[in-house]
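What follows is a short report on a single structure.
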Amino acid sequence: MRLAKRVSDMTGGGPDGWAIYYQARAMAEAGQPVTNLTIGEHDVRTDPAILDAMHRSARAGNTGYTFGAGKPALRAAVAERVELRTGVRTGPENVIITPGGQAGLFASHMVLCDAGDRALFIDPYYATYPGTIRATGAEAVPVPTRSADAFQPTAEVLDAHLPGARTLLINTPNNPTGVVWSRPTLERVADAVTRHGTWLISDEVYDTQIWEGEHLSPRALPGMAERTVVIGSMSKSHAMTGSRLGWVVAPAEVVTAITTLATSTTYGVAPFIQDAALFALQQGGAFESAIAEPFRRRRDIAMRVLGGPNPGLRLIPASGAMYLMLDIRATGLSGNAFAERLLAEEAIAVMPGESFGAAAAGHLRVAMTIEDNAFEDALVRIAAFAGRVVQEPAL
Ligand code: PMP
């Protein structure tokens, strides 16, 4: 069957990097106990109060088409939230509601990049980034970072890649590294994109999950509001991954362009989901902290268990999001080989760093998405396993 090249180009035709996850799922389905630390999703479900709001809205008749950029009340609430959190003047005209942050990522690249344009993203990266960019016809170009720099880009690497680039996609707090980028890093990024005339696309879907330091939206840096597009989402902040509710915050012309695109793609977001999102946002900061709290606790557990020196294993400073990154290069194994053996020998599934780009080779991503005691037990066993690998005679 002949399908569009656009789609085969999205994946590059190689493995999708989720082999360990599929194996772990198959083991679990066959009744074998597996500790699964692969998936970036809360171990709680959407709060019943939010579901009640969704149900009330649907029963009240909010089940028809929603045209345009989203319900006015929700756009206004998102604008107010962003303005409060960043200090940057933001009106409803700067906001479009999208079916999740992912749709916002696609739409932003779609309206900013022409086919063949260079679109940069930071490596390591969230697994959908290269495919999302390629789906728009742009050329997806990774910008490498180093483990030793906590995976934050240097001025040199930015200046080497930015000439001629249309967009640069960044993500802080970061998936997969669990790093919150520092103010100097973001100032460096802002300076570089300004000098090179590049759009900045800032994926901030983890902005309520900060364990250390502060979240700084680069849109709040001087002169950046007119060249920054921010991706937001209810998925992580309110445990609403399945509801598919996100947004793009951008200059009004970009919002208008994404609205035009939406008319031919998503046709808006279900009105009862938008009403539930508005209700959820109105629950305030304490609600959001409660959703983030389990990850904060588990990050503290990880600091206690893995924060010191460990043979074969180093914890990258974990300051946000629901993930830990472990540097296991001292074991001599690749991330893939380590993850495969860990699953076979310890029945623990983690994501190989290689699934998130060449820069994360020799690392593992651990999702902090299981109950505290089981999580602590898994970390102790991963550390012990790394220690045993280090002791193995070299072949
Ligand atoms: N960006 C990052 C960095 C993510 O990790 C995710 C989801 N895992 C998304 C965007 C997309 O989130 P959603 O579409 O659910 O809002």
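Remember, it's 1-based here, ligands and their atoms both numbered in the order they're listed. These values consider heavy atoms only, across backbone and side chains, with no hydrogens, waters or symmetry-generated copies.
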**Request:** Give the residue, atom name and distance (to 0.1 Å) of the protein heavy atom nearest atom 1 (N) of ligand 1.
**Result:** Asp203 OD2, 2.5 Å
**Request:** Nearest heavy atom to atom 16 (O) of ligand 1 wins, so pick from Pro173, Ser233, Ala127, Ser243.
**Result:** Ser233
**Asked** Do Arg6 side-chain atoms and Gly137 backbone N/O form a donor-acceptor pair below 3.5 Å?
**Response** no
**Request:** Might you confirm whether atom CZ of Arg195 has over 12 heavy atoms from other residues, nucleotides or ligands at distances under 6.0 Å?
**Result:** yes
**Request:** Decide whether the shortest distance between a heavy atom of Lys236 and an atom of ligand 1 is less than 4.0 Å.
**Result:** yes
**Asked** Closest approach of Met325 and Ala360, non-hydrogen atoms and distance?
**Response** CE-CB, 3.5 Å
**Request:** Identify, by atom number and element, the atoms of ligand 1 in contact range of Gly101, meaning under 4.0 Å from any of its heavy atoms.
**Result:** 13 (P), 14 (O), 16 (O)
**Request:** Under the ring pair (Phe, Tyr, Trp, His ring centres under 6.0 Å) rule, what do His42 and Phe295 come out as? Steps first, then yes or no, please.
**Result:** CA-CA 9 Å; His42 316 68; Phe295 307 118; 5.7 Å; yes
**Request:** Find out if a path of hydrophobic residues (ILVMFWY) with successive side-chain heavy-atom gaps under 4.5 Å connects Ile382 to Ile301.
**Result:** yes
**Contact (N/O only, under 3.5 Å) between Asn171 and ligand 1** = no
**Message:** Need the ligand 1 atom indices (1-based, order shown) with element for anything under 4.0 Å from a heavy-atom of Gly100.
**Reply:** 14 (O), 16 (O)
**Request:** Provide the number and element of each atom of ligand 1 under 4.0 Å from a heavy atom of Arg244.
**Result:** 13 (P), 14 (O), 15 (O)
**Request:** May I ask you to check whether Tyr323 has an N/O atom sitting below 3.5 Å from an N/O atom of ligand 1?
**Result:** no
**Request:** Would you indicate whether Glu345, at its atom CD, is surrounded by more than 12 heavy atoms from other residues, nucleotides or ligands within a distance under 6.0 Å?
**Result:** yes
**Asked** What residue and atom, counting heavy atoms only, is the protein's closest point to atom 9 (C) of ligand 1, and at what distance?
**Response** Tyr126 CE2, 3.5 Å
**Presence of salt bridge, Asp52 and Arg59, under 4.0 angstrom** = no
**Item:** Nitrogen or oxygen atoms of Gln102 and ligand 1 under 3.5 Å apart
**Value:** yes
**Message:** Any heavy atom of Met234 closer to ligand 1 than 4.0 angstrom?
**Reply:** no
**Request:** Using a strict 4.0 Å cut-off to heavy atoms of Ser235, name the atoms of ligand 1 that fall inside it.
**Result:** 13 (P), 15 (O), 16 (O)
**Message:** ring pair (Phe, Tyr, Trp, His ring centres under 6.0 Å), that's the test. Do His238 and Phe279 meet it? Break it down for me.
**Reply:** CA-CA 11 Å; His238 291 78; Phe279 170 86; 10.0 Å; no
